[in-house]
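Working notes, beginning with the structure itself.
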Amino acid sequence: MAYNFEKIYINGQWQDSLSGQFIDVENPATLEHFARVPEGNEEDIDLAVRAAHNAFETWSKTELSERVGLMKRMLEIFESYKDKIIELEVKELGAPVSFSVQSHCVYQFTRTRSYIECSTQLPLEENLALSTVYREPIGVVACITPWNYPLGQVVQKVIPAILMGNTVVLKPSQHTPLTAYLLMDAFDQAGFPAGVINMVTGKGSAVGDALASHPLVDMVSFTGSTKVGSKLSQRALESIKRISLELGGKSPFIWLPGADYDKAVGKLFDSIFLNSGQTCTAFSRLLVPEADKEMIEKLLLKHLPDYPVGDPTDPSVKIGPVSSKAQFEKITSYVKLGLEEGATMLAGEVPTDCSNGYYIKPVIFTNVKNSMRIAREEIFGPVLCVITYKDVDEAISIANDTLYGLNAAVFGNKTQAMEVAKRIKAGNVYINDAPRDVTAPFGGYKQSGIGREGGYAGLLEFTQPKAIFDHSTF
Ligand code: NAD
């Protein structure tokens with residue numbers, strides 16, 4: 001491996017940032033500052049964008065088979081970094097090793113493989129009545145990603161963008177930038193042409209903003225908060241760049257009357273408590289029949305000890321610290337707010353001390369009204385709101401009464417659950433124990449975003465249609 005955390009990657013070279021400044025990376029479990037990355041600046045971004053712009057001319061004309069061949073080679077090298085990826089996610093994010101292996105590492109290989117396979121099956125040329133429609137790459141894509149799935153969010157953008165013939169400038173989150181270095185290294189070792197992929201680390205307000213507004217950037221693919229996504233889009237739209245946004249959520253999980261609730265708890269807790277609740281798709285609102293409230297509260301308490309909190313390097317631990325002091329303070333303020341708003345704390349406590357790591361025990365609030373701020377705003381921590389409903393129509397109306405529409409789940413009789421799923425305004429809906437389909441589109445309704453990632457839709461997102469009217473008479 002040739003990467004160096006103190007460099008940025010531009011035009012096929014690891015080089016110093018022109019800023020000469022660095023950002024420390026903190027381990028949220030120990031508070032140790034164990035690495036540092038460059039605090040890139042506008043000049044770095046300009047160099048990276050120009051490199052991507054120059055590389056596009058040739059890369060966009062390569063055959064798909066050539067791009068696929070290089071990507072397969074990249075994946076092979078990347079998979080050999082498995083142990084290092086897991087070690088870094090445990091350290092930079094505080095994600096327990098039990099969760100990191102699959103979710104932060106192996107699943108990202110699966111996604112990459114899926115994009116490669118889907119790309120070879122995509123209809124990139126379509127004959128219409130009097131024309132042929134070609135799917136062409138867009139140009140230079142700025143990929144801006146958050147800290148909560150450091151590698152996952154990068155893979156979701158960079159792999160399909162490059163497979164479809166675009167070139168990329170990546171800005172990973174300054175809080176968890178390290179695994180992206182391993183990915184850059186794998187691209188480098190695989191022999192991708194210089195400039196096809198570039199990475200500049202740094203703060204959103206400086207580097208992210210410079211990327212989103214650079215005149216040679218053709219598309220901005222952003223994952224992060226709705227607030228930043230909205231602001232950044234306004235900058236990007238000044239020069240009519242294409243925009244793809246993967247934003248926040250406040251996802252509902254409806255337990256239908258008569259369901260085997262005991263079987264649903266694992267899916268619920270995995271979603272809202274693993275990764276310390278820092279998952280955009282987390283089921284943060286549990287909607288239960290009013291008549292079953294007490295029975296369900298007992299069930300939740302019965303299963304909570306299955307989710308121990310502690311040192312993320314301990315394989316028996318399921319919940320590590322939250323990712324930063326800012327996160328600790330934000331979640332704490334929401335826990336206090338929940339009590340002020342009149343919710344009942346069924347489990348958990350108001351966090352007080354973070355001098356030994358940013359640990360927060362899972363919190364379950366009951367007697368929550370959907371009008372409360374804890375039920376409306378994205379807390380992005382291990383905080384579950386339990387809300388009761390009188391009948392299924394009311395459950396659907398509560399589920400849809402949100403600014404967001406990223407994810408949802410329904411548990412109960414399969415036929416009824418299907419009917420309910422069709423009435424929910426969200427990009428993804430799970431029924432009972434159904435697993436995720438990596439080839440399915442992922443993305444949000446309403447303020448959860450614009451566009452889709454994953455599988456075929458995720459590849460097409462990085463193309464634009466060109467119609468050639470080819471039925472000429474001579
Ligand atoms: P964030 O919006 O603060 O930051 C995301 C990225 O944008 C980071 O790289 C950051 O440095 C950069 N950024 C910040 N301010 C910027 C600015 N003014 N201009 C340009 N770039 C800027 O989000 P976060 O705290 O890193 O991540 C958490 C959020 O991400 C949550 O809201 C979560 O729901 C969302 N998220 C969504 C998905 C999804 O697929 N829908 C997935 C993961 C996370």
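Both counts, for ligands and for their atoms, begin at 1 and track the order of listing. Scope of the values below: all heavy atoms of this structure, side chains included, with no hydrogens, waters or symmetry mates. Please read these numbers as outputs of a predicted model, since none were measured by experiment.
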So which bit of Thr223 gets within less than 4.0 Å of ligand 1, heavy atoms only: side chain, backbone, both or neither? both

Does a side-chain heavy-atom distance below 4.5 Å link Pro362 with Leu304? yes

Which is it for Gln153 and ligand 1 at heavy atoms under 4.0 Å: side chain, backbone, both or neither? side chain

Where on Tyr149 is there a heavy atom closer than 4.0 Å to ligand 1, on the side chain, on the backbone, on both, or on neither? neither

Atom 4 (O) of ligand 1 within contact range, any protein heavy atom under 4.0 Å: no

Please report whether the ring centroid of Phe99 lies less than 6.0 Å from that of His104. yes

With a 4.0 Å cut-off on heavy atoms, does Ser173 reach ligand 1? yes

With a cut-off of 4.0 Å, which atoms of ligand 1 are near a heavy atom of Gln174? 10 (C), 11 (O)

If we only count N/O pairs under 3.5 Å, is Leu247 in contact with ligand 1? yes

Verify side chain to side chain contact (heavy atoms under 4.5 Å, CB included) between Val410 and Val429, making sure each step is shown before the conclusion. CA-CA 7 Å; Val410 190; Val429 187; 4.1 Å; yes

Going by the ring pair (Phe, Tyr, Trp, His ring centres under 6.0 Å) test, name the single residue among Tyr181, Trp14, Tyr3 that passes it with Tyr9. Trp14

How far is atom 15 (N) of ligand 1 from its nearest protein heavy atom, and which residue and atom is that? Val228 CG1, 3.5 Å

Validate the cation-pi geometry between Lys318 and Tyr307: distance from NZ or CZ to the six-membered ring centre under 6.0 Å, angle to the ring axis within 45°. yes

Residue selection (non-hydrogen contact nearest atom 23 (O) of ligand 1) among Ala210, Ser225, Pro150, Gly152: Ser225

Is Glu6 paired with Arg36 through a side-chain N to carboxylate O contact shorter than 4.0 Å? yes

Under-4.0 Å heavy-atom contact with ligand 1, by part of Asn148 that carries it: side chain

Distance from atom 34 (O) of ligand 1 to nearest protein heavy atom, with residue and atom: Glu378 OE2, 2.6 Å

Side-chain H-bond candidate by donor/acceptor type, Ser397 with Tyr389, under 3.5 Å: no

I want to know if ligand 1 touches Leu406 in the polar sense, i.e. an N/O pair below 3.5 angstrom. no

Considering only protein heavy atoms, which is closest to atom 40 (O) of ligand 1, and at what distance to one decimal place? Phe442 CE2, 3.1 Å

Considering only protein heavy atoms, which is closest to atom 26 (O) of ligand 1, and at what distance to one decimal place? Trp147 CD1, 3.0 Å

Heavy atom of the protein closest to atom 36 (N) of ligand 1 (residue, atom name, distance): Cys280 CB, 3.6 Å

Starting from atom 27 (O) of ligand 1, locate the nearest protein heavy atom and write down its residue, its atom name and how far away it is, to 0.1 Å. Pro146 CB, 3.2 Å

For Phe222, counting its heavy atoms only, list the atoms of ligand 1 lying under 4.0 Å from any of them. 2 (O), 5 (C), 6 (C), 7 (O)

Quick one: nearest non-hydrogen protein atom to atom 20 (C) of ligand 1, plus distance? Leu232 CD1, 3.1 Å

Under a 4.0 Å N-O cut-off, is there an ion pair linking Glu79 with Lys82? no

How does Arg235 reach ligand 1, if at all, at less than 4.0 Å between non-hydrogen atoms: by side chain, backbone, both, or neither? neither

Between Trp147 and Phe380, is the ring centre distance below 6.0 Å? yes

Starting from atom 19 (N) of ligand 1, find the nearest protein heavy-atom neighbour and note its residue, name and distance. Gly204 O, 3.4 Å

Taking heavy atoms and a distance under 4.0 Å, where does Gln278 meet ligand 1: side chain, backbone, both or neither? neither

